[in-house]
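Comments concern the structure below.
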Amino acid sequence: MPGYLREAKPALTTAMMIAGVLAASPTLAVDESTYATANASAVPAHILPAYSSLAEATAKLKDLSSATCAAPTSDRLPDLRGAYNGAMDAFMGVQHLRFGPAEFLLRNQRFHYWPDRRNTTTRQLSALIEARDASALAPERIARSSVAVQGLSAMERLLFGGAEEALFTNTDEARYRCALLTAIARNLDGIAGELVRGWSAEQDAFKDGFLNPSADNPYFRNHGEASLELLKSLHGGLQLIAEVKLQRPLGRSAQRGGAAVKPRLAESWRSQRSLRNIWLNLQALRALYLAAFAPAMETAQPNLDREIRMAFEGVLAEADAYGPSIRPLLESNDGLDKLLRLRRDALSLTKLVTGRLAAALGLQVGFNALDGD
Amino acid sequence: MHRAMVFTAAALAAFISQAHAGAGYVPVLSTYADIAHAGYEDALTTARLLDNKVDALVAKPTDATLKAARDAWLAARVPYQQTEVYRFGNAIVDDWEGKVNAWPLDEGLIDYVDPAYGVASDENEFYAANLIANAALKVAGREIDASTINKALLADTLHELGDVEANVATGYHAIEFLLWGQDLNGTGPGAGNRPATDFDPANCTGGNCERRIAYLKAATDLLIDDLEEMVGNWAEGGAARDALMKGDSRAGLSVILTGLGSLSYGELAGERIRLGLMLHDPEEEHDCFSDNTHNSHFYNIVGMRNVYTGSYKRIDGSTVSGPSLSDLVGRQASEINAEMLAKLNASFDAAKAMVVRAETKEAYDQMIGDGNAEGNAVVQRVVDSLVDQTKSIERVVAALDLGAIEFEGSDSLDNPSAVFQ
């Protein structure tokens with residue numbers, strides 16, 4: 001993280017503060033059974049439904065791309081874009097889940113590689129289209145190729161990158177572009193299916209470790225370690241929104257009241273849905289909180305639970321009212337104020353999670369303290 | 001992105017319950033500062049040698065003088081890379097580091113590039129601005145007077161131009177690009193191949209040789225200035241040493257461990273190595289122009305071992321050593337010290353295997369290439385050992401009751417054990 005995003009916060013002071021929180025609630029009854037309940041609830045109430053929605057969306061995208069590219073006509077573009085949007089909507093519901101099946105075989109990154117700091121997607125996609133190697137589109141090949149060309153970020157460029165008409169003309173390049181589109185859709189559908197199976201199969205080593213940890217389990221030694229993954233997902237998802245999805249397009253200068261905004265550093269700026277992405281992320285993060293942690297907090301820490309729910313409602317209402325595109329907001333002072341407010345509120349919610357929620361759960365999200373880049 | 005490592009309640013509870021005197025901590029901090037001072041001094045010495053060779057190149061641009069300058073650059077990397085373990089944790093180093101080792105860079109900002117580089121980037125309006133060819137830059141409504149290329153232009157105007165981190169105008173990698181040029185071999189064999197005549201105004205290739213010379217000289221001089229500053233920071237009475245020695249000694253140990261954990265995990269295993277593997281992209285190698293990436297990674301790992309064991313072998317062959325973190329951990333939890341030493345050695349061995357492969361079989365950018373299962377596996381082993389080492393660093397933190405430390409995380413890194421199967 002660039003220095004200007006860093007929070008200057010002395011570690012020991014923060015540690016003392018959190019120590020104080022713990023000391024003030026010595027009777028808090030958080031134990032292995034609390035964690036076990038949270039983990040057992042998160043899978044059917046949040047993780048599996050979210051992946052199932054993803055698989056439904058990618059199945060539609062796959063079917064539509066193969067049908068369209070079998071007989072390409074440009075009047076199908078709106079439908080294709082709609083199916084892409086459906087898949088992106090669903091992915092925003094699982095983007096924060098970066099552990100287990102999503103991490104194995106780089107599935108999360110392969111599904112949607114972003115941010116792309118070196119413009120790799122554009123570079124590698126151009127090279128791929130230039131070479132027009134049909135064998136590169138075989139399922140096992142594309143799944144092993146660069147993460148930048150096999151997922152939604154590459155597909156967005158094909159459908160919204162300014163050359164989308166080139167999908168439908170009667171040329172070799174058009175046929176290759178359409179074949180690539182279909183190959184990506186098939187790849188996405190494959191990944192989504194694997195994610196669903198990872199969390200639903202009768203016997204999956206990771207899922208079993210998550211739900212039934214033991215001292216010699218390779219993934220989780222106890223329920224607390226598994227709950228930690230959920231807390232990290234909640235924290236990471238919120239941090240991504242505040243510090244990357246909003247901060248990057250706002251640029252450094254926005255914080256100083258300048259106007260050096262960078263609209264093209266927003267996620268999904270080509271398909272004009274950057275704020276919609278954030279709104280969907282927030283819905284998913286709230287669903288995770290409600291499924292995993294709210295049941296324990298409702299009784300143990302009702303005030304904190306209420307605060308977290310209200311904070312979610314606040315940022316959700318903001319993102320909903322401002323979306324779907326971030327660009328118009330970046331172009332006016334009023335819009336910048338709104339985005340800065342949303343970023344501030346998302347950061348507050350992040351701090352609520354890393355501070356009081358983590359302490360109440362007896363888990364510790366590290367300090368943003370002595371360093372970090 | 002920044003990902004926080006999460007510590008369990010047990011570590012925190014231990015931290016709360018114990019009020020430490022921090023006995024034996026100060027000598028460990030002192031050794032750590034001494035090694036920093038020696039390391040930056042060696043980096044400065046080798047940067048001055050590089051400057052001499054650059055002068056010789058400019059005086060008489062031939063293949064031989066260019067090669068001598070390149071060799072001097074490679075030698076300068078050896079001590080510098082060992083100091084990178086000081087970057088995370090020491091704010092003075094981290095704030096300064098971007099001037100000397102910023103990476104990756106959009107080299108089209110500086111000089112001519114191959115057409116395949118392209119002319120535009122989502123991220124950077126100055127992606128292909130080519131300062132050496134243009135005495136005035138006009139990009140996105142901004143006009144920059146670049147008629148005189150000097151240290152001030154590079155450091156104050158060009159570096160991070162437009163708030164874009166990829167606009168790297170100074171430091172080792174800008175110099176590397178000027179000495180080698182772009183590596184146009186993709187994931188095939190070969191490094192950058194800039195001709196010596198790019199620095200020969202009488203027989204100029206690449207155009208604007210005078211301006212290119214001015215750039216190279218200014219960048220090399222700046223590197224010396226910056227390293228002098230950092231040597232001063234670690235000398236007796238220097239700001240970095242004082243920040244460490246005059247503060248809470250337990251916080252000082254946290255600084256050491258933050259440096260070790262952040263470099264191991266997010267920075268080296270994640271941003272510098274695994275991202276390149278998953279993109280199969282030669283642009284994602286740290287020393288991409290010179291094909292020296294294997295050494296850069298290797299000496300980072302050597303630097304981590306230096307810091308933990310409290311011993312650094314200088315470029316003149318002498319050794320700086322003293323009471324170490326390893327000694328301290330060994331007294332409090334000998335089995336964790338043994339585990340930590342074993343993990344550091346495993347990372348060293350994995351990195352050494354990568355170096356041997358680079359020297360005998362194929363360059364690092366080839367190792368990370370698409371379809372090179374054997375090469376990918378060699379690099380993956382370095383990632384895995386660094387991630388594994390990070391878990392032991394967490395245990396060291398817990399054993400010393402230092403409370404929580406945030407390690408530098410990475411988008412591209414989490415549980416990599418099952419990734420490149």
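Numbers restart at 1 for each chain; the letters A, B, ... are given by sequence-line order, proteins then strands.
In this structure, the side chains of P213(A) and Y219(A) stay at 4.5 Å or more apart for every pair of heavy atoms. Residues L230(A) and L234(A) form no side-chain contact, since every pair of their non-hydrogen atoms from C-beta on lies 4.5 Å or further apart.
Chain B forms the most heavy-atom pairs under 4.5 Å with one residue out of T120(A), V149(A), N108(A), and that residue is T120(A).
Using a 4.5 Å cut-off between heavy atoms, D116(A) contacts chain B through its backbone alone, with no side-chain atom that close. Proximity to chain A is absent for every atom of N124(B), based on heavy atoms less than 4.5 angstrom apart. For chain B, no part of E130(A) is nearby; none of its heavy atoms comes within less than 4.5 Å. For L105(B), the part lying under 4.5 angstrom from a heavy atom of chain A is the backbone only. At a 4.5 Å heavy-atom cutoff, the contact between S145(A) and chain B is made by backbone and side-chain atoms alike.
In this structure, the side chain of S153(A) does not engage the main chain of H112(A) through any donor-acceptor pair within 3.5 Å.
Residues passing the side chain to side chain donor-acceptor pair (under 3.5 Å) test with N372(B), sequence neighbours excluded: E362(B). Residues passing the salt bridge (Lys or Arg N to Asp or Glu O under 4.0 Å) test with R141(A): none are found, sequence neighbours excluded.
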